[in-house]
There are 2 protein chains.
Amino acid sequence: MTRLFNDPAAFADEALEGFTAAHRRWVRPVTGGVVRATATPAGQVAVVIGGGSGHYPAFSGLVGRGLAHGAAVGNVFASPSARQIHSVATAAHVGGGVLLMYGNYAGDVLHFGQAAERLAADGIEARTFAVADDISSAGPEESAKRRGIAGDLPVFKAAAAAAEQGLPLEEVLRVAERAGARTRSFGIAFSGCTLPGADHPLFTVPAARMAVGLGIHGEPGIGEEALPTADEAARLLVETLLKELPEDVADPAGQRAAVILNGLGSVKYEELFVVYRRVAALLGDAGVEIVDPEVGELVTSFDMAGISLTLTWLDDRLEELWRAPADTPAYRKGALDAAEPDLDRAPVTAAAQDTAVPAAPVVPAASDASRRAAGTVLAALDAVARVVDAHADELGRIDAVAGDGDHGIGMRRGSTAAHWAAADAHGLGAGAGTVLTRAADAWADKAGGTSGALWGTILRSLGTALGDREAPDAARVAEGVTEASAAVRQLGGAEVGDKTMVDVLVPFADALAAATGEGLPLADAWDRAATTATAAAAGTADLLPRRGRARPHAEKSLGTPDAGAHSLALITRAVHGALLDHH
Amino acid sequence: MTRLFNDPAAFADEALEGFTAAHRRWVRPVTGGVVRATATPAGQVAVVIGGGSGHYPAFSGLVGRGLAHGAAVGNVFASPSARQIHSVATAAHVGGGVLLMYGNYAGDVLHFGQAAERLAADGIEARTFAVADDISSAGPEESAKRRGIAGDLPVFKAAAAAAEQGLPLEEVLRVAERAGARTRSFGIAFSGCTLPGADHPLFTVPAARMAVGLGIHGEPGIGEEALPTADEAARLLVETLLKELPEDVADPAGQRAAVILNGLGSVKYEELFVVYRRVAALLGDAGVEIVDPEVGELVTSFDMAGISLTLTWLDDRLEELWRAPADTPAYRKGALDAAEPDLDRAPVTAAAQDTAVPAAPVVPAASDASRRAAGTVLAALDAVARVVDAHADELGRIDAVAGDGDHGIGMRRGSTAAHWAAADAHGLGAGAGTVLTRAADAWADKAGGTSGALWGTILRSLGTALGDREAPDAARVAEGVTEASAAVRQLGGAEVGDKTMVDVLVPFADALAAATGEGLPLADAWDRAATTATAAAAGTADLLPRRGRARPHAEKSLGTPDAGAHSLALITRAVHGALLDHH
C-alpha cells in the first residue's frame, strides 16, 4: 500500500516536484510535466509521451536523449489534460512537429487527441499514436481496443530513436506503427495497490491464486488460476505470446525479439530473474534470439504484485532502434557523448516548478445580468462538488465493477477544482459564460481521465452558449445542454444504447428542451429533466457482465448502472436544488 | 511476499542464473558469483563486493566498469562462503591485488576475512573493508559495530573509481576508509518481507506504525512511532543524520553531500519522490549542496516496505569519485566509451554457470580403520541434519528475538549439505578426516552466514585432528573438539560469557576432555559432555533484552537462550545417539 504522502490530493504534483529536483541533469519542469534539460537539434521531431502518475518510470522517467523529449504527467492513474499535454508539447517542440505517444486508454485517447488539435491550431504539426500491446485486453480481431502496458517502452523508444536520427514526422509515425504492430505483452497479477489516501486496495486476488491478464489499474482479466511456480509462470507467459505472432511472422524460429520482463512493483528483482531464467530458456527452445533483454520495473502500478512479459519482434530496422543509446532518469543504455545543457531555454526557476494551472488574473467584461447568473452557476457548481464528494466512494465501487475504480476520485478532484475556479472567476466579476469555461478548464486539468475530458466539454459547451452578455433564460440553458450533449457524443464516440453517460445526457437534454419549449420556468423544466435522467441512468444497468475487454463504460455487472451515467443523474438532481434556491 | 520461485532451496542459484542470462553484456558467471564481462587493464586493483541474495541490485547488479570487478553472491540473506569469495576474487584479479568490500555483518566479516587469508596464501594481495553506515545499529562510540545498508553503494563506488584511476591497493583502501568514515544512513520500516518458501514474514510492524532504525533483515530497531506523513518522514531522516556529522565536519552549512534516498522494495518511486522533495528542501535549508542524488531501489530486502536516507559528506576527492562514470546492470552514470569485451578470458559455457560446488571425484587414500570410523561420522552427521531439521522453526524463532531470524534456515541448509557431501565422500571410500572436511566445506558454502562459517570451522578442525590414517579413539576426538573450540573463539572473536555458542562449546570441550581423560569410552564421555552443554546453553538466556545494537548473539530476551548455543547443545545430544548406535 502507499504509505508515505502528505495531502493525497497533492500527491502527483509533489511526486513530480521531487522527481524533477532529483533529476535536473535530464529534465526540467514545465506546466503539465517535464521536457528534456539537454539540447535537441532544431528541426528534430519531438516525441512527447504521457499518462497518469503511479506508473514510474513511465512516464517522466523516460525523458532524455534517445527517448522522449517530454512527458505530460497526469494525476494518479488519470490521463493528463489536453491543456497539460499541449503545454508540454509546445515546450518540447523544436520545429520538427510532435508525435504524441501514450497507452491506449479512453482518457488518454481523448486528451491527447484534443491536444493534437490545439497544436495544429497553433501551427504545430502533430500526430498521435496509442500503444495497445496487452493481448489479454481484447482479441486479435479487436487489437485496436487493447490496453497499453509495458510495451510502451519499446514502441516509444523505436519512435524516439528514429526522431533522433533526424527522420521527418510521418516517418517517425510509421516507425511507431511498425513497432506497435510487432509488440505484444501478457501479464499476471497477485495483488493490487492501494492509492495514496485510499483505505483499501484497488482490487484483491485470493491468497495462493493469480489473476491472468488483469490490467495495471485492476481492469478485468481473463481468468484466475492457482499460484504457479516461477517456471510455470514463465511457460504461461511465453506460450501465450508465441500463440499470437505478428501478421508477417510465420514461425518464431529464427526471429529476433526485444524481451522485457516487467515487474509491477512488489514482485522483486530476484523473483524476476528466477522467472527470466526460464523465459530465456523457453524462447531459446523456440528458436528466438533475444536482443538486449530488460528485466526490472519499467512500467509499475505503485506496489501492485504482478509481472508481464513483452516481446517486440524485431526486423533489422527495429533492432537498430532498440539497440540505440538512451540516457534518461530511469533508462540508460549504451554510450552517448557528454550531454549539452539546453542553454537556449529559460532557466528553471522555483516558480516554473509549480505545475498547478495559475488562475488568470483578469476576466472578460460581462453584463450585470450575466454576473447575477454567474452567482447561480457558482451555487450549482458548489452543489455539484458536494454531491460528488458525498457519493465518491459509491461511484468508485460502481466503476470498479468494470473499470479501474477511479471514477469517484476523478470526479471529486474535477468538481472541487471546477468550483474553486468558478469562485475565483466570480470574485473577479466574471459573467456566467466565463465562470463556466474557467470551471471547465479546471475540471479537465485536475480530474484528468475520461470523465475529466467529458465534463470539461459539458461545462465549456454550456459556458459558450450562455456567454457573458445576456441573462441566460431557460431556452438558452436548454440549448447549451443540447450542444453539450452533441459535443460529448462526438468526443466520446458513444451513442445512446452504448451504456455510457450519453444514455443519460441525451434524454436529459431532450426533456429539458421539451419542458422549456412548453414554457416551464427553468427550475421546473430542470426538475422534470432530472427525473428523466435518473430513470435513464437506471437503464444502463441491464447488461450482463462482459469481462476481459478494454471497453470502459460499455460493460457492467447485472444491476449496476454505468458510473458516468449514475454520476450525471446525481448531478442533474443536485443542480436542481441550487436552481430552486436561486429562483 | 515472495511468490514466484521453484524449489526455495534453489532460489538464490536460479536468480543468479537468470540475472547473468539477462546481463551478459556486463557480467559473466564464475563459481560463487559474477565478474565483469568487460576488459580491465592489467595491474588495476580489483574491487570484489558481495553479500547475501535478496538485496538486488546489491550485489551482483553493481558489477561493471566504474564499479565492482566482481561480486560473490551468497544464499538468501546469507553471506557467501569464503570459498565463493575466493573463487570470485581469483577470477577478478588482474595483478593489482584485491579489495574485498561488504556490509558489516558477522557472517560476511568472517567469510571475507577467511577469503583474504586464502588469497594471501595464493600470493594475491588482499585487503578487506566492511561498510558500517547504519547509525541506528550502534552509537557513535561503537561505530565499528554498525551494520552496512545503502551506504554500501557510495563507499563501493569511491573505492572502485579510485581503482579505475590506477591507484595501488593501499591507496584504494584509504579511499574506502575515507568514504566509509563520511557515510551515514538512517532508515524506517513499515513491513517485512517473506522469504521464498516461508509462510510468514521475517517481521511485522503494526498497522499505521513505523519501526525506526530497523535493519534490512529485521534486526532490532530503536523505536516505534506512528506512521508519519511524507514530510514528517523526511524531517526525521534529515534531522537524525544532521545530528551526527563526521569528525572533520563542524557545520553542515557549505558542505556538499552525495544523497541516496533508498527504497527497500515496496515503497515505490512516486512515494520516494514525495519524500525526496522535502529531503532536498531541508538539506537546502541547512546549507548542504546536494551532488548527484539517487532516489530509487539500490539496496533492497525483497519487498520489505521501508526507506533509508544516506549522506556521504564529500570533499573534492570524494566528489570526483562519486561523479565518475559507471556502467553496470543496475547502476549507470555518465559517459563511458564503448566497452571492450574481455576476450582474454575463457568463454562462458553452460557449465560455468553452475554455481554449485562440484563434488571432487576422488578422495585421498584412507586406512580401513578410518573408513570404518567414517561410517560413524556419517551417521552422526545424519543425526545432526535430522535434529536441525526438526528444530529449524524453533531456532528461527529464538534467533528472531535479537537477530534476523534465519538461524534455523541457515543451519538446515548447512547440515543437510554437510550430510550429503559426507555421504558422497563416504561412498568414494574416504576416511573420517576427509568425510569431515568435505562436510565442513559444504556446510560453509551452502549455509553461508555466521553459523556457516563457525560450523565449517568446527567440522574442519575435527577432520584435521582425526585424519584418514588412524582409528580415531576417544582422546583424539576430544582433542579435535578442543581444537575446534579454540578455532571458533578465534574466528568469532567471542569468549565465554559473551552469550554465544562459545558459552556452550568451551565447557563441552572441557567436559569431553576430562571424561576421556578419566578413561570413559567415547559414547559415555560424550553423554556427560552433552549434559554439560545443555546446561550451558540454558545459561545464555539470563540477559535482559537490549534492542538497537548490532550485536547478534549478544542480546536476548529474558529466558530465551542464544540460538547458536541452543543449536549446538541440541547437536551434541543428537550426536550421542549416533555414537551409541555405532558403538
Side-chain angles (χ1 to χ4, degrees), chain A residues 1-6 11-12 14-19 21-22 25 53-54 56-57 61 76 190 193 196 210 227-231 233 261 265-280 292-297 300 302-303 305 307 330 332-339, chain B residues 1-6 11-12 14-19 21-22 25 53-54 56-57 61 76 190 193 196 210 227-231 233 261 265-280 292-297 300 302-303 305 307 330 332-339:
Chain A
M1 63 179 298
T2 306
R3 294 178 180 83
L4 291 173
F5 50 85
N6 299 303
F11 183 85
E14 291 187 354
L16 185 60
E17 203 179 316
F19 163 75
R25 177 180 297 191
S53 293
Y56 192 86
V76 172
F190 314 111
C193 60
M210 75 168 164
L227 192 68
T229 66
D231 284 358
L261 183 63
S266 280
V267 175
K268 300 311 298 183
Y269 308 103
E270 285 87 353
E271 287 174 273
L272 292 172
F273 293 139
V274 172
V275 175
Y276 181 75
R277 167 180 169 276
R278 191 84 194 125
V279 165
D292 283 8
E294 295 285 345
V295 182
E297 297 180 349
T300 62
F302 284 103
D303 63 337
I307 64 175
R332 298 169 205 167
K333 182 170 188 168
L336 278 165
D337 297 333
Chain B
M1 64 178 297
T2 306
R3 293 179 181 82
L4 291 173
F5 49 86
N6 300 303
F11 183 85
E14 292 188 353
L16 184 62
E17 201 178 317
F19 163 76
R25 177 180 298 191
S53 292
Y56 193 86
V76 172
F190 314 112
C193 60
M210 74 168 164
L227 193 68
T229 66
D231 284 358
L261 183 63
S266 280
V267 175
K268 300 311 298 183
Y269 307 103
E270 285 87 351
E271 288 174 273
L272 292 172
F273 292 140
V274 171
V275 174
Y276 181 75
R277 166 182 170 274
R278 191 83 194 125
V279 166
D292 283 7
E294 295 286 346
V295 182
E297 297 181 350
T300 62
F302 284 102
D303 63 336
I307 63 174
R332 300 169 202 166
K333 182 170 187 168
L336 278 166
D337 297 333

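Values below: every heavy atom of this structure, side chains too, minus hydrogens, waters and symmetry copies. Numbers restart at 1 for each chain; the letters A, B, ... are given by sequence-line order, proteins then strands.
Using a 4.5 Å heavy-atom cutoff, the side chains of B:K268 and A:E297 are in contact. At least one side-chain heavy atom of B:F11 sits less than 4.5 Å from a side-chain heavy atom of A:E271. Side-chain atoms of A:L4 and B:V274, non-hydrogen and from C-beta on, never get closer than 4.5 Å to each other. Within the 4.5 Å cutoff, the side chain of A:D292 has heavy atoms near those of the B:R25 side chain.
Heavy atoms of A:F5 lying under 4.5 Å from chain B belong exclusively to its backbone. Interface remark: B:S266 contributes backbone and side-chain atoms alike to the contact with chain A (heavy atom separation under 4.5 Å). Only the side chain of A:A233 comes within contact range of chain B, with heavy atoms under 4.5 Å apart.
Contact between B:A22 and A:P293 at its shortest, heavy atoms only, is O-CG, 3.6 Å.
A tilted orientation is assigned to the rings of A:Y56 and B:Y269, their planes being inclined by 30° to 60°.
No donor-acceptor pair closer than 3.5 Å links the side chain of A:D231 to the backbone N or O of B:N6.
Note: A:T2 leads A:L227, A:T2, A:V267, A:I307 in heavy-atom pairs under 4.5 Å with chain B. For the options A:P57, A:G265, A:P228, heavy-atom pairs under 4.5 Å to chain B are most numerous at A:G265.
Between the CG atom in A:D303 and the CD atom in B:E270 there is a gap of 11.0 Å [rounded to 0.5 Å].
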